[in-house]
Number of protein chains: 2
Amino acid sequence: MSVAGDDVAGFFARRDTLDPDAYLELEFTFECAGDPRVAAAHLCSEQSTAQWKRSGVAEDFRPVYGAKVLELESTLIGGFSLELPGVGNTAGVHRCRAVVAHPHGNFGPRIPNLLSAILGEGVFFAPDIPIVRLEEVRFPDPFLAHFQGPQFGIAGLRERLQAFHRPIFLGVVKPNIGLTPAQFAPLAYEGWMGGLDIAKDDEMLADTAWSPSEERTRLLGELRRRAERETGVPKCYLANITDEVDRLVPLHDLVTRHGANAVMVNAMPTGLSAVRMLRKHATVPLVAHFPMLAGLTRVPQYGVHPRVFTRLQRLAGYDVVIMPGFGPRMCTPEADVRACLAACTDRMGHLRPALPVPGGSDSAATLAGVHRKVGSVDFGFVPGRGVFAHPEGPRAGAKAIRDEWDRISSSL
Amino acid sequence: MSVAGDDVAGFFARRDTLDPDAYLELEFTFECAGDPRVAAAHLCSEQSTAQWKRSGVAEDFRPVYGAKVLELESTLIGGFSLELPGVGNTAGVHRCRAVVAHPHGNFGPRIPNLLSAILGEGVFFAPDIPIVRLEEVRFPDPFLAHFQGPQFGIAGLRERLQAFHRPIFLGVVKPNIGLTPAQFAPLAYEGWMGGLDIAKDDEMLADTAWSPSEERTRLLGELRRRAERETGVPKCYLANITDEVDRLVPLHDLVTRHGANAVMVNAMPTGLSAVRMLRKHATVPLVAHFPMLAGLTRVPQYGVHPRVFTRLQRLAGYDVVIMPGFGPRMCTPEADVRACLAACTDRMGHLRPALPVPGGSDSAATLAGVHRKVGSVDFGFVPGRGVFAHPEGPRAGAKAIRDEWDRISSSL
C-alpha cells in the first residue's frame, strides 16, 4: 500500500495533539525528487506502520502506531547534492528538514529495537528519499527512566580521581601493539608519575596471547598503587576489555580484581546493548571508544549526526565518551564536535552527564586550543604519542602537559 | 611518530614473504592528496602499530605486528570525488586501491576486536586519506576455524523445510505493527496455506506490551502445526527476537518452546558478537535483518562495501541473510547485490553457505526478475505487502507467488 492522496494527512500531526511522553522526536534532513509532503509521509510510514490496515478490515493503526511529521521545511535546490545509488538527474529536488514523532511503544525501552526504528530500513529505504540523515533524537523522560545511564558521571569521576576544576588527563600507552605486559607496565607508571590521571590501553589492545589481560592488569595494578603511594593522589588504569559480549562481565571482574579501576569497551564493534548489560554489573567507570562510527557519521548529508551516537552511548551507561575531536586530522567539523560535547552534558531526564574526551593527535601543544574550543574544564585530554613518544620519555611527556595546564590555568 | 622516509618501506611487504595463515587480507579503495605510497603506509601504520618502537629503545614491532601493503595501484584524478570534512581543493589527488595484510594475532578470533581493527580509527583517520572504503576482507582458514558459522546453512534449511530445487518463500506478516497476537496469527496461517514456507515477524515487531512474544509464538506455533497437518509439508514461523543481548538466549528458549522454529535478530542494532553468543546456544536457524547497514554501505567511495557485512554475518553464525535486493527502491547497485549473494555462498574455510534473501517491495510480479538476476534457486524471496496486502487476502497473495514460480520453473 503506497502513501498517496488522503493517506498523507494520516502521517502528519500537530504537536499539541500528541502525548509528548509517548513519542521520541527525530530530526531528519533529506533530499527528495517528488513532493516533500509525500516524501515525509513515506519516511514516517516506512519507519512505523507501512501497511496500516488489514486487507478488507476497516481499521487505521496510524493514530497509535504511526510515526508522524510534526515539522517540515523544504527548499528547492538544483539537484541532488550527492551521487548515490537511486539518485537520478532529476529537476525539482527539494532539500528538507523534518521533525518526526515516533511512538516508542512500538518497541519499548530496548536499545536494539530503538536502533532498528530510528536507523532502520524505514529510514534509509523510504521511497523518493535516496539521501537522508538522522540529525538528532530527543527522548521523553518516561522512556529515559528505564535506563540507568552513567553510574559515576563527571562528578563521580572527579571524586574518584580527586581531580577538580581542571581537565582529566589521560594517556594512551604506546607502542599500542606488541609490548609484553612487563614492557608495557613501566610506561604507564612513568606516565602516572609525570602527572597523568589515567593511563589507558589503546582501543586496539585487548586480551591477547602476547599480552593477556590477567598478567597486564596485575602488573598495572601493582604499579598504579605504587604511583598513588609515591604521588599521594589517586591514579587510574583504564583496561580495554573489548571482547565477545559473553566475556565482558568475566573480564570486568578479572581486570578490576587485579587493579584496573575503569574499563573501556569499543562501543559500536561490541554493541551498545552489551554495554547496557555490563553497566548493570559494573563497579568502575565505563569508557567508550569510537571505531566504526566515522563510517556512519562523516558524510554531511547522509547517515547519522555523531551527536546521536553520543546520546546513545550515554543512554547505554558510559561515564566517559572518547570521540573524534578538533583539528584537521579528525575530519570532524568544529560544530559537530561541539554538538557531541553538548550531548554528553545537556539534560537527558535523570541521566548523569558523561565526560567528553575529544581526541586526536594531542600533546602539550594542543591543550590550550582544545580547552578554548571546549569552553570549560569538563573534558578529558587524551594524547598517545604526545606523551609516550616524547623524546625524554613518558614522564617528561606527561609533565609537559601538566606544566602547560598550570600555565593556562594561571592566566584564566 | 609520523611515517616518513625510511619508515614507509617497513609498512610494505611482498606477499610471498609472509605466512598467509597469519594475516587477514583487506582490500581498500581510497583517495589521497599526497604520495600514494606514504598514504598507504599511514593506512597500515594507523590500523596496527602506529608508534612501532619505544622512545630510546632499539626495536621494531612492524615485522610481527604491522599491517603491510601488499598491492597498491593509483590513478591521478582531478580532485576529491566527494565533499567530506578534511577534503580540500587540492590538486594532485590520487584514487587508489590497496590490498593490506593485517596480522590477526594483534587481536585474535573475536568479532568486536576484528571490527575495531578493520573499521576503526586507524582506517578512517589515517593522515592524508579523508575518503576510504573497505571493499573486501579475506580470512585465512586457521582464523575461520575458531568460528562455528551457520549451523544449518542452505542444505540444512532445505532439509528442515523439505523444499528442494526452488527458492524458499518467506512472507513478512503485515500490518507489521499494531496487530494483537490473535489478529496476527490467522494472517500467518493464511500465508502458509497459500504456499509460504516461512511466515515471519517484521524486523520492527519484537516483544512488546501489545504483542508479547510468549502469546504470539504460542498462537503462531499452534497454527503452524495446523498448517503442516493440513498441507502435509513443514512450515516455519520465524520469530523476531531482536532485544537486549542478555534477553536473546531466554527469548530463543521461550519462542522455540512455543513453536517458533527459526529466530531473527537484527544484526547491527544487536551486535554481531551477541549473535555469535546466541549461535552457541541456538537449536533453530538464525536469520539476519539489515537495519543500520545502509548508513555504512551506500556511498560508493566511502565506508564499507556491503559484502563485508554479509561475510561477517556468516562468520557470526547466521543461516539466512536478508539484504537489500534488486530494484530501484533498494538503492543498491546490482553488482553490489551480486557481491553480497556471492559472499553468502563462496568458500570461507569450513563455514557452511548461508541463504541469501535479497528483498525489497517484492510480489509475484518481481519473482522472475529476481530469479534471473540471482542466477540460481538458492535464494529466499521475501514479500510483505506483496502477500499481505493482496486484495483477495494473504492466502491468494502467497498462492499467486507459488503459481508464478510453477510457471517460471516449467519453462526452465
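Letters A, B, ... are given to chains in the order of the sequence lines, protein chains preceding strands, and every chain is numbered from 1. Any value given below was found using the heavy atoms of this structure, including those in side chains, with hydrogens, waters and symmetry copies removed.
Looking only at side-chain heavy atoms (C-beta outward), A:M292 and B:L115 come within less than 4.5 Å of each other. Two residues are said to be in side-chain contact when any heavy atoms from C-beta on lie closer than 4.5 Å; A:F107 and B:I177 fail this criterion.
For the options A:V132, A:N113, A:L114, A:T49, heavy-atom pairs under 4.5 Å to chain B are most numerous at A:N113. With respect to chain A, the highest number of heavy-atom pairs below 4.5 Å among B:A209, B:G295, B:A274 belongs to B:G295. Note on B:N176, B:V57, B:I118: by heavy-atom pairs under 4.5 Å with chain A, the leading option is B:N176. Note on B:C331, B:G303, B:G271, B:G178: by heavy-atom pairs under 4.5 Å with chain A, the leading option is B:G178. Annotation: maximal heavy-atom pairing with chain B below 4.5 Å, among A:A117, A:G384, A:G108, occurs at A:A117. For chain A, the option among B:S211, B:P175, B:G120 with the highest count of heavy-atom pairs below 4.5 Å is B:P175. For the set B:G105, B:G122, B:P269, B:G86, the count of heavy-atom pairs under 4.5 angstrom toward chain A peaks at B:P269. Per-residue counts of heavy-atom pairs under 4.5 Å with chain A were compared for B:L272, B:D207, B:T332; the largest is that of B:D207.
Across every non-hydrogen atom of A:P130 and B:R298, the tightest pair is O-NH1, 3.3 Å. Of all heavy-atom pairs spanning A:G393 and B:S55, the tightest one is N-OG, 4.4 Å. The two atoms that bring B:T208 and A:N106 nearest to each other are CG2-O, 3.5 Å, heavy atoms only. In plain terms, the two heavy atoms of A:L179 and B:F61 that are nearest each other are CD2-CZ, 3.6 Å.
Contacts of B:N266 with chain A are made by side-chain atoms alone, with heavy-atom separations under 4.5 Å and no backbone atom involved. Interface remark: B:V299 contributes backbone and side-chain atoms alike to the contact with chain A (heavy atom separation under 4.5 Å). For a residue to count as touching a neighbouring chain, one of its non-hydrogen atoms must lie under 4.5 Å from one of that chain's; by this rule B:P103 does not touch chain A. Contacts between A:P127 and chain B at a heavy-atom distance below 4.5 Å involve backbone atoms as well as side-chain atoms. Only the side chain of B:L187 comes within contact range of chain A, with heavy atoms under 4.5 Å apart. For chain A, the nearby part of B:R247 is the side chain; its heavy atoms alone come within less than 4.5 Å. Within the 4.5 angstrom heavy-atom criterion, atoms from both the backbone and the side chain of B:R54 approach chain A. Looking at A:S81, there are no atoms closer than 4.5 Å to chain B (heavy atoms on both sides), in backbone or side chain. With a threshold of 4.5 angstrom between heavy atoms, B:H390 approaches chain A through N, CA, C or O but not through any side-chain atom. With a 4.5 Å cut-off on non-hydrogen atoms, A:P394 does not touch chain B at all. For B:S361, no part lies near chain A; criterion is any non-hydrogen pair under 4.5 Å. Both the backbone and the side chain of B:Q183 have a heavy atom closer than 4.5 Å to some heavy atom of chain A.
In this structure, B:R329 contributes its side chain and A:F125 its backbone to a donor-acceptor pair below 3.5 Å. Under the 3.5 Å distance criterion, the side-chain polar atoms of B:S116 are left unmatched by any main-chain donor or acceptor of A:P291.
The six-membered or imidazole ring of A:Y302 lies away from that of B:Y302, with a centre-to-centre distance of 6.0 Å or more.
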Quick one, B:L82 with A:L82, criterion side-chain contact (heavy atoms from CB on, under 4.5 Å). Give me CA distance, side-chain angles, the key distance, then yes/no. CA-CA 8 Å; B:L82 204 58; A:L82 205 58; 3.7 Å; yes
Going through the distances and angles, do A:M204 and B:E121 end up as a side-chain contact (heavy atoms from CB on, under 4.5 Å)? CA-CA 9 Å; A:M204 291 292 303; B:E121 183 177 359; over 6 Å; no
Candidate pair A:K280 and B:E244, rule salt bridge (Lys or Arg N to Asp or Glu O under 4.0 Å), full reasoning: CA-CA 12 Å; A:K280 294 177 192 166; B:E244 301 291 1; over 6 Å; no
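Around atom CD of B:E83, no more than 12 heavy atoms belonging to other residues, nucleotides or ligands sit under 6.0 Å away.
Each of A:T270, A:D243, A:T242 was scored for a side chain to side chain contact (heavy atoms under 4.5 Å, CB included) with B:R110, with one residue passing: A:D243.
The line from CG of B:D246 to CG of A:D246 is 12.0 Å long, rounded to the nearest 0.5 Å.
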